[in-house]
Each structure stands twice: as structure tokens, then as C-alpha cells.
Amino acid sequence: MKADQAAVLVADEYIYKQETHLTVFKTSLFFQNDGFTVYNCTGELVFRVDSYGPDTRDKDELVLMDAHGKCLLTVRRKRPSLHNRWEGYSGERTDGQKPIFSVRRSSIIGRSSVTVEMYENPGEEYQISGNFVQRSCTIFNAMKESVAEIRRKVDASTQVLLGKDVFLLSVKPGFDGAFAMGLVLVLDQINGDNYVESNGGRVDPVTED
């Protein structure tokens, strides 16, 4: 996908002209205002998620914000759903608002891939394959092209593999970075740390230049 062919889902400022590595920090669930913070390669805050953790009034709904607190995207669990379906909304969700995409497990059995369906464009679909718990998965478009990847991060100065609460979200040119981060929020919920990890899973760490 090329930048000049980009389909803006959240905002055109998150459509990057070259592959962009975002560093995602998942903060501890034992502190107030926990959630996610996301930084670009120059250390600037790009996204944050505060509405996450034990004090959240509605744990079935998460809001992705920009660095200034503007609501960019809301993801909400759809109940009931055998496939653990979540739906995404533009900005801060309001009653009666229609979702713009859905995310669900491809199968209710075992650790399956994840399917992303776009409501406004039925022909547009994404598949997420890999193991999010191990921070090793890829988002593919309908043409089987990689549009974003989640990988473990290696500290460039020490060559030490960082913990899984710090990882890289690599966004390809032309793909909406805010949308990609919204998918990370859903993956964290449906593929999160409640699953037993397998030591046999392959992990491909990335060293950031």
C-alpha cells in the first residue's frame, strides 16, 4: 500500500509516507491512570490510552487519544459474541453511533487468527496472524500484503530484549497508524495476558536504529 493510495480512517496525519516504528508502553495495572502510551522515533508522544485498568467504569470500552487528549477512536466489546467481537467508532462513541469496523476471532476454538471487517467498505478486510502475547504478529490486507507488524523491542545500546510491556508497532506507508493502534487495544483484550504462554512460540525481536 502506497501513501498516495491511503484510505484515511482516523486522520491523515497518521498516514505515514515511510515505514514508521512506534514504541508502545503498556503501563502497570496496579497504578492509577494506567493504560498505553505510544511514542515515535524522536520520543514524542503520539497516542495514549488512560481509560484502562481496575478503576475503569466500563472495561468493555477503550478510547484512543492523541497526545493532547483528543479522542480519536473508541473500541467497544460487542455482547453477546462467541467470537469475542469488538467494534470501532470514530472519535468518542455516542449513543446511536454506528461502528466503522469490527474485530473478531476467526474461530472460537483455540488460538486463531483475527479478522477485521470494514463496515463502510465490505470488500476491505484485514487478517491478523501470529501471537500477540509474545508480541509477534502481522496485520495483512485483503491482498495478503503486510500493513503493520507488532514485534518485541531490543534496546539499541545494550542489545537487551525488553519486556513485553514495551514493544514496537511498525506501520507501513499508507496504513493508518491510529487504526493500527486501535487494533492493538483489541488484541490486548482478546489475546491478552490471561492466556497461557508457550515457550515454543517464535519471537522475532526488532532493534530500533
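When reading the values below, keep in mind they use all heavy atoms of this one structure, side chains included, and skip hydrogens, waters and symmetry mates.
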**Prompt:** Can you check whether Arg93's main-chain N or O pairs, donor with acceptor, with Thr74's side chain at less than 3.5 Å?
**Reply:** yes
**Request:** Please answer whether the main-chain N or O of Ser146 pairs with a side-chain N or O of Glu149 as donor and acceptor at a distance below 3.5 Å.
**Result:** no
**Prompt:** Which pair of heavy atoms, one from Ser90 and one from Gln97, lies closest together, and at what distance?
**Reply:** O-NE2, 3.0 Å
**Message:** Counting the benzene-type ring for Trp, do Phe101 and Tyr89 have ring centres under 6.0 Å apart?
**Reply:** no
**Asked** Which atom pair, heavy atoms only, marks the closest approach of Phe140 to Lys144?
**Response** CD2-O, 3.5 Å
**Asked** When rounded to the nearest 0.5 angstrom, what is the spacing between CD in Glu117 and CD in Glu87?
**Response** 10.0 Å
**Prompt:** How close do Ser102 and Tyr119 get, heavy atom to heavy atom, and via which atoms?
**Reply:** CB-OH, 3.1 Å
**Message:** Are Phe47 and Leu73 packed together at the side-chain level, in the sense that at least one heavy-atom pair is separated by less than 4.5 angstrom?
**Reply:** no
**Close side-chain approach of Lys172 to Gln18, heavy-atom, < 4.5 Å** = no
**Prompt:** What closest approach, in Å, do Gln127 and Ser113 show between heavy atoms, and which atom pair accounts for it?
**Reply:** OE1-OG, 3.6 Å
**Prompt:** When rounded to the nearest 0.5 angstrom, what distance separates CZ in Arg48 from CG in Asp50?
**Reply:** 4.5 Å
**Asked** If only atom types and distance count, is the side chain of Arg85 paired as donor or acceptor with the main-chain N or O of Arg104 below 3.5 Å?
**Response** no
**Message:** Under a 3.5 Å cutoff, is there a donor and acceptor pairing between the side chains of Thr23 and Lys153?
**Reply:** yes
**Message:** Between Tyr39 and Phe25 (judged by ring centroids, cut-off 6.0 Å), do the two rings come close enough to count as a pair?
**Reply:** yes
**Request:** Would you indicate whether Glu19, at its atom CD, is surrounded by more than 12 heavy atoms from other residues, nucleotides or ligands within a distance under 6.0 Å?
**Result:** yes
**Request:** State yes or no: do Val49 and Ile190 share one hydrophobic cluster built from I, L, V, M, F, W and Y residues joined by side-chain heavy-atom distances below 4.5 Å, directly or via other members?
**Result:** yes
**Fill in**
For Ala67 and Leu45, the nearest pair of non-hydrogen atoms, with its separation, is CB-O, 3.3 Å
**Item:** Verdict with reasoning, Thr115 to Glu125, per side chain to side chain donor-acceptor pair (under 3.5 Å)
**Value:** CA-CA 7 Å; Thr115 299; Glu125 184 176 285; 5.2 Å; no
